[in-house]
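For clarity, every value in this text was computed on a predicted model and none was experimentally measured.
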Amino acid sequence: MSSVNASAPARGALDRFFKITERGSTLGREIRGGLVTFLAMSYILVLNPLILGTVPDGTGQMLGGGTDGPNLAMIASATALIAGIMSILMGAIANFPLALAAGLGLNAVVAFSIAGIPNVTWADAMGLIVIEGIIILILVLTGFREAVFRAVPKELKTAIGVGIGLFITLIGLSNAGIVTPGSGTIVAMGNLGTFPVLVFVIGLVLTIILHVRRVPGALLISILVATVLAVILENTLHIGARPDNPAGFNSAPKFDGVFALPDFSLLGQFDLLGSFENIGVITIVLLVFSLMLADFFDTMGTMVAIGGEAKLLDAEGNPPRSKWILLVDSLGAIAGGAGSVSSNTAFVESSAGVGEGARTGLASVVTGIAFLLSTLFAPLVALVPYEAAAPALVLVGFLMMTQIAGVDWKNVDIGIPAFLTIAIMPFTYSISDGIGAGFIAFVIVKLARGKVREIHWLMWLVSLLFVVYFLVDPIQVWLGL
């Protein structure tokens, strides 16, 4: 009896701190949601090393030093460590079910557009990421970033959430090999006669059945079942991995043990001002601007989408503690650069955890702990192939699409900007591009209808910034950079 009484206050304190009961959740849902989010995001532990670790910088050095090949394990360890710390901070400080990790797209820009510039080192490139993060942090502390977010019309925020729903659905279908680049078309149906696709289909069918039957842990169960099936198929039929093998897994689930000691040597390997010696000031300004605008709006869109799915938005479409969400996100950019793993940002895959029932920051803490543990148990994390996690993203995409009823499509003032936001986001594979197109269209439509006074001055400013953002590449060509 004494042990029960001793443990009760701790559970009560946890509930009060994270407002678990207040938000209609339970401890079990938060734990399951955090684990589902981790499994849906774990691919970053494979992709980030492949993107950052396989190309030399402008001096011929690989990330981590040396010219004798990549050190992917070192990058994976640092990627997991920073993601774990930032996800825990998001949960503990912002109390929001949103996890962070090295952002895809941003890491490719760092690897191929910055580090590859002649004489630029990896330390220089990561220093630019830290600078970008510091600038965003200043914008958060001054209240500017949150002010921009609150200036966005509610229905346009809804459209952002719907667009992200389509975006993560496309991510899931692409990761599973269902959708591939087309020959003569933009996209095409993939090879449906492969075992990896079979794993995805079985996982999706199981996910749908468990969801409509309201089985607790539906997404987590389907991911685990699909993973077990994939491991069995790979270790008996030796299917292999893509891209050289079109019928292979996106990431082959091979069992290579359980435990591996992490190497955190990359931490602190950045040079804050080194790039100024090797790149022109104009080029630095354009690069930092592009990185900043993408980081600035990706998280805004993601937190709206997550908040909408979790039913945490207020009457104006704003999530709780939005300033703290944006603050932690800005710290993620700084931490990612300082850890040499590129900017850490909010992941739309957090919606998978919300789909499992997560409503509080405790889920993000669970995700963060899972990332920290993955630094020790990396071989086990590698067992989860994309094809096993993708069904959760597809189902959550459907759930987020239901928000589309919140847009008044007969009102062209918001209908056209909302449509462009929703359409461009998945087609360009970019949250920021969709948001930018919607903002610019909103201003144009209001101008065309003579409703200039209805355009918030921040919408004017941000739309002009997006025009510059879309013209960065032509500007660099014109300036001969």
Side-chain angles (χ1 to χ4, degrees), residues 17-20 22-25 37 86-100 103 133 135-165 292-335 343-351 353-354 358-365 367-368 400 403 406 421 431-432 434-436 438-439 456-459 461-462 465:
F17 182 83
F18 287 105
K19 301 182 179 179
I20 297 173
E22 182 179 327
R23 294 187 181 180
S25 185
T37 294
M86 295 315 305
S87 295
I88 290 173
L89 286 178
M90 179 64 78
I93 295 175
N95 193 21
F96 199 68
L98 191 61
L100 288 79
I135 294 173
I136 293 182
L137 177 61
I138 293 172
L139 294 177
V140 172
L141 294 176
T142 57
F144 179 79
R145 195 178 185 188
E146 188 177 18
V148 170
F149 175 70
R150 293 185 179 277
V152 180
K154 179 183 177 182
E155 288 184 286
L156 197 51
K157 291 176 183 174
T158 300
I160 291 171
V162 174
I164 290 178
M292 184 187 71
L293 212 61
D295 248 354
F296 193 98
F297 286 99
D298 270 13
T299 297
M300 282 190 182
T302 301
M303 73 183 194
V304 168
I306 301 300
E309 174 59 24
K311 295 180 173 54
L312 295 176
L313 302 181
D314 61 20
E316 299 302 318
N318 304 314
R321 298 177 65 81
S322 56
K323 182 175 182 178
W324 294 103
I325 296 172
L326 297 173
L327 176 67
V328 175
D329 177 72
S330 64
L331 293 176
I334 298 173
S343 177
N344 270 228
T345 187
F347 261 56
V348 294
E349 285 83 356
S350 303
S351 56
V354 172
R359 295 293 182 271
T360 77
L362 180 58
S364 298
V365 172
T367 301
M400 295 172 70
Q403 301 174 42
T421 298
I431 294 174
S432 294
I435 293 175
F439 281 17
H456 195 288
W457 72 270
L458 283 172
M459 290 295 290
L461 176 61
V462 173
L465 290 174

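Between Phe297 and Leu293, the closest side-chain pair of non-hydrogen atoms falls below 4.5 Å. Using a 4.5 Å heavy-atom cutoff, the side chains of Ile164 and Ser351 are not in contact. Side-chain contact between Leu139 and Met292: present, with at least one pair of heavy atoms (C-beta onward) separated by less than 4.5 Å.
Between Ser432 and Asp298 the shortest heavy-atom distance is OG-OD1, 2.6 Å. Of all heavy-atom pairs between Pro97 and Leu312, the closest is CD-CD1, 4.2 Å. Nearest heavy atoms, Ala363 versus Ala358: CB-CB, 3.5 Å. The nearest pair of heavy atoms linking Thr367 to Ala99 is CG2-CB, 3.8 Å. In this structure, Ser350 and Ile306 approach most closely via the heavy-atom pair C-CD1, 3.8 Å. Of all heavy-atom pairs spanning Gly308 and Gln403, the tightest one is C-NE2, 3.8 Å.
When each of Val354, Ile325, Val348, Thr37 is checked for a side chain to side chain contact (heavy atoms under 4.5 Å, CB included) with Leu98, only Ile325 meets the rule.
From Thr302, atom OG1 reaches atom CD1 of Ile160 across 9.5 Å, with rounding to the nearest 0.5 Å. Taken from CG in Leu100 to CG in Leu89, the straight-line distance is 9.0 Å, to the nearest 0.5 Å. Between Ile88 atom CD1 and Leu362 atom CG the span is 11.0 Å, to the nearest 0.5 Å. Rounding to the nearest 0.5 Å gives a distance of 8.0 Å between OG1 of Thr299 and CD1 of Ile136.
Shown here are the side chain to side chain donor-acceptor pair (under 3.5 Å) partners of Thr360, two or more places apart in sequence or in another chain: Glu30. Remark: Glu309 engages no residue in a side chain to side chain donor-acceptor pair (under 3.5 Å) (not counting sequence neighbours). Applying the ring pair (Phe, Tyr, Trp, His ring centres under 6.0 Å) rule to Phe96 yields no partners; only residues at least two apart in sequence or on another chain are considered. For Ser343, the side chain to side chain donor-acceptor pair (under 3.5 Å) partners two or more places apart in sequence, or in a different chain, are Asp295.
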(request) List the steps, then state whether side chain to side chain contact (heavy atoms under 4.5 Å, CB included) holds for Asn318 with Leu313. (result) CA-CA 5 Å; Asn318 304 314; Leu313 302 181; 5.9 Å; no

(message) For a side chain to side chain contact (heavy atoms under 4.5 Å, CB included) check, start with the C-alpha distance between Ile435 and Phe439, then their side-chain angles and the critical distance, and finish with the verdict.
(response) CA-CA 6 Å; Ile435 293 175; Phe439 281 17; 3.7 Å; yes

(request) Run the numbers on Arg23 and Asn95 for side chain to side chain contact (heavy atoms under 4.5 Å, CB included), then give the verdict. (result) CA-CA 11 Å; Arg23 294 187 181 180; Asn95 193 21; 3.5 Å; yes

(message) Phe18 vs Val365, test: side chain to side chain contact (heavy atoms under 4.5 Å, CB included). Steps then yes/no.
(response) CA-CA 11 Å; Phe18 287 105; Val365 172; 4.0 Å; yes

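Arg359 contributes no side-chain N or O that, together with a main-chain N or O of Ser25, makes up a donor-acceptor pair within less than 3.5 Å. The backbone N or O of Gly133 sits nowhere less than 3.5 Å from a side-chain atom of Ser330 that would complete a donor-acceptor pair.
Residue pairs satisfying the salt bridge (Lys or Arg N to Asp or Glu O under 4.0 Å) criterion with at least one member in residues 313-335, sequence neighbours excluded, are listed as follows: Arg145-Asp329. The salt bridge (Lys or Arg N to Asp or Glu O under 4.0 Å) contacts involving residues 148-157 comprise Glu146-Arg150, where partners must be two or more places apart or lie in separate chains.
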